[in-house]
Amino acid sequence: MNDALVTGDALASRFTELPRLLEADRDLIRRGAFFDCRFKAEIGPVPFDIRLDGGRIVVFERGPFVMRGWSFAISGSLQAWEHYWRPVPAPGWHDLFALRKRGEMTIEGELQPVMAHLQYLKDLLALPRQIQTEL
Amino acid sequence: MAVSLEPIVGRYMSLELGGRQNRVYFEEAGQGIPLVCLHTAGADGRQFRHLMTDEAVTNHFRVMAFDMPWHGKSLPPEGWQREEYRLTTSSYTEMIVAFCRALELERPVVMGCSIGGRIVLNLAIEHARLFRALIGLESADFQTPWYDTSWLNHPEVHGGEVCAALVSGLIAPQSPDVSRHETLWMYKQGGPGVFKGDLYFYRVDGDLRSKTAAIDTNICPLYLMTGEYDFSCEPTDTQRTARGISGTHVTVMKEVGHFPMSENPAQFRRYLLPVLEEIRTL
């Protein structure tokens, strides 16, 4: 197995902690009170099907999938997530839109729910940053 | 008096801009060389409050910051409800020159951030002799757009929340939490469509790439200072701009993003004080 696959699997495994991390963050759940959606997050080659109800994760499945539907998709390269989840991300690797601008991330699909809940989504997807401090 | 009052004083003035009267709010503190500060798009002059309570600055400079019409405590002009607000290169330039003339400021220094950083380049192009020095924070003659501004004023998206959420990524991770959220609060308070209207200048009307070669820094020194975490106006945008303007002083600020004066005042002053010290000797 090459380094990229090892890293990718490690990053995807880290992302699977997301439901637990969110449940521990009462403030983030409060801010997502009106957020119901289904979206795809891609950690490198690994897709995740995530459904939110009132800001809480009610479905969280790791792919691959065959023709799943979703409202929007946020897809980052392995390098993007690895940098984004560092304790202090480097300049240009520290925000979803910075990553999009540098070509390491795409944000596609129905963008109204993304923009209406943008800070929630940024903070949700940054939660795995906490894991390194727990190890 | 039992309470400790800040030295900042706020006043209102009536300014004629574009043939219409505008009630404009400004704050000031200190004495000495006039230093007019220009806030970022969609925000207001409170961004400079730390500078106005810093005696290392106010002992030598009369620091002033006005809220542009439509922003902060300044009102939009009469009839605003029937128009779409759009800042332009000419209206922004007119506003700054009118403010300085109204207060009879003698060769002030102007320091602007973001759109304010862009417009100081135009001041250098069109009005260099009016100013002692110009400081552009997060300044470039052009930057690549990084999102669709139609979301900033959309009936299905809360304007204050989305404006703040977008710019939150422009703040450096090292900036203190209290300063980060104070900076974002101003974005949450902006009027509908105002941030978008400011960005009309930034994105559509204010491309200065073909004009900056006319800047003569012998007439008016130009200082450009950009935070390393600013991915809207990246340090490379500032450096590219400076390469076309002989004599420009460029500083890339560590652990700072797009809002140096409000997101991390302590870090910003480390970079700003030497520049102000140099300007005092001009």
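Quick note on labels: first sequence line is chain A, next is B, and so on, each numbered from 1.
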Write out, in numerical order, the residues from residues 157-172 of chain B with a heavy atom short of 4.5 Å from a heavy atom in chain A.
B:Val157, B:Val162, B:Ala164, B:Ala165, B:Leu166, B:Ser168, B:Gly169, B:Ile171
By number, which residues in residues 97-126 of chain A have some heavy atom less than 4.5 Å away from chain B?
A:Phe97, A:Ala98, A:Arg100, A:Lys101, A:Leu111, A:Gln112, A:Met115, A:Ala116, A:Leu118, A:Gln119, A:Lys122
Toward chain A: residues of residues 240-267 of chain B with heavy atoms under 4.5 Å:
none
Shortest non-hydrogen pair, A:Pro89 vs B:Pro173, comes out as O-CG, 4.0 Å
Contacting region of B:Trp146 [heavy-atom separation from chain A under 4.5 Å]
both
Which residues in residues 47-70 of chain A have a heavy atom less than 4.5 Å from any heavy atom of chain B?
none
